[in-house]
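Down below is the structure, laid out as structure tokens.
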Amino acid sequence: MNDPQANPAPSATAGEPVEAAQRLPTGFGPWMDRLVDWVDRIGVRQATLAIVGSSVLLSVLLDVLWHLLAGWPLSTRSLLLATLLPVPIAGLGAGITLRLIVALDQARSRAEQLALTDALTGVRNRRWFMTQAALEFERATRHGRALALVLIDVDHFKRVNDEHGHQTGDRLLVEIAQTCAATLRRTDLLARFGGEEFIVLLPETGQREAVRLAERMRQAVQAGLRDPQHPLQVPVTISLGVVAMSAATPTLDALIRATDQALYDAKRAGRDRVHTLPLSLGG
């Protein structure tokens, strides 16, 4: 389990499984980003019409300028050709360009999702969690709303890796993440906090309800991993620390430290249990 003092809140854990994903580019240069945003804002059809219309207008203006500089008289035929000729060319070019823009935008979205997702378990990573948790903490503090935090640690995880191999340990983490996620509400925020630790933020949740949800996660993991039909056949349990913020809780970092202390108490008391701290200690 992590030392509470060694867990500063603002940054993601170094060496997190998504480190490689975080190095993926999320932009394609300022001009391309602005172009993608413009297409997103007005839609592909409107963007195509705008590009074709601009091409036609530019063609007409260039035709007029060419005739004036050459001293030629303007004719209806030349203006008509200047208007009609760019349409198929501009339409084809606009279609290809916009398809490329959409593909780049989708690639950027995928890269951004990878940068915020734990590569192993598929849940969100610490970087995403700290950003969202800071927003929820600020909202709860400003409006006097309830907020609770749950820190989860897999019991004897090193023993699993040593006795069953790291691949089994990895699959175990995936199972635990999926099991915990299935027991939570849509508004709850689950993330991998680092190593064998997961963290859950429970908006609009007081201490009693947070303990109940944590106990439900503990029982679900215990029941699932001890099922005789479970493919891993590794009876593993989890320990959970739960703290609800109070009016005296100064920062999100203080709330995380208090929750880490509650988790430490659960481990020291024998593991496979939920421990909490009095509300007055959440600050």
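Using a 4.0 Å cut-off between a side-chain N of Lys or Arg and a carboxylate O of Asp or Glu, Arg185 and Asp188 qualify as a salt bridge. Salt-bridge formation is detected for the pair Glu204/Arg145: a Lys NZ or Arg NE/NH1/NH2 atom is positioned less than 4.0 Å from an Asp or Glu carboxylate oxygen. Looking at Arg142 and Glu138, a side-chain N of the basic residue comes within less than 4.0 Å of a carboxylate O on the acidic one, giving a salt bridge. Using a 4.0 Å cut-off between charged side-chain N and carboxylate O, Asp153 and Lys267 make a salt bridge.
The nearest pair of heavy atoms linking Glu136 to Pro203 is OE1-CB, 3.8 Å. Of all non-hydrogen atoms in Trp128 and Leu190, the two that sit nearest each other are CZ3-O, 4.2 Å. The minimum heavy-atom distance linking Ala177 with Phe198 is given by the pair CB-CE2, 3.8 Å. The heavy-atom pair separating Val236 from Val221 by the smallest distance is O-CG1, 4.3 Å.
Take Arg212 and apply the side-chain hydrogen bond (donor to acceptor under 3.5 Å, both in side chains) test, not counting sequence neighbours, and it matches Glu209.
If you check the side chains of Asp155 and Ser239, you find a donor sitting under 3.5 Å from an acceptor.
Side chain of Arg268 to main chain of Ala266: no donor-acceptor pair is present (N/O by atom type, distance under 3.5 Å, no hydrogens or angles).
Under the 6.0 Å distance and 45° angle rule, Arg126 counts as a cation-pi partner of Phe193.
Heavy-atom contacts from other residues, nucleotides or ligands closer than 6.0 Å to CZ of Arg139 number more than 12.
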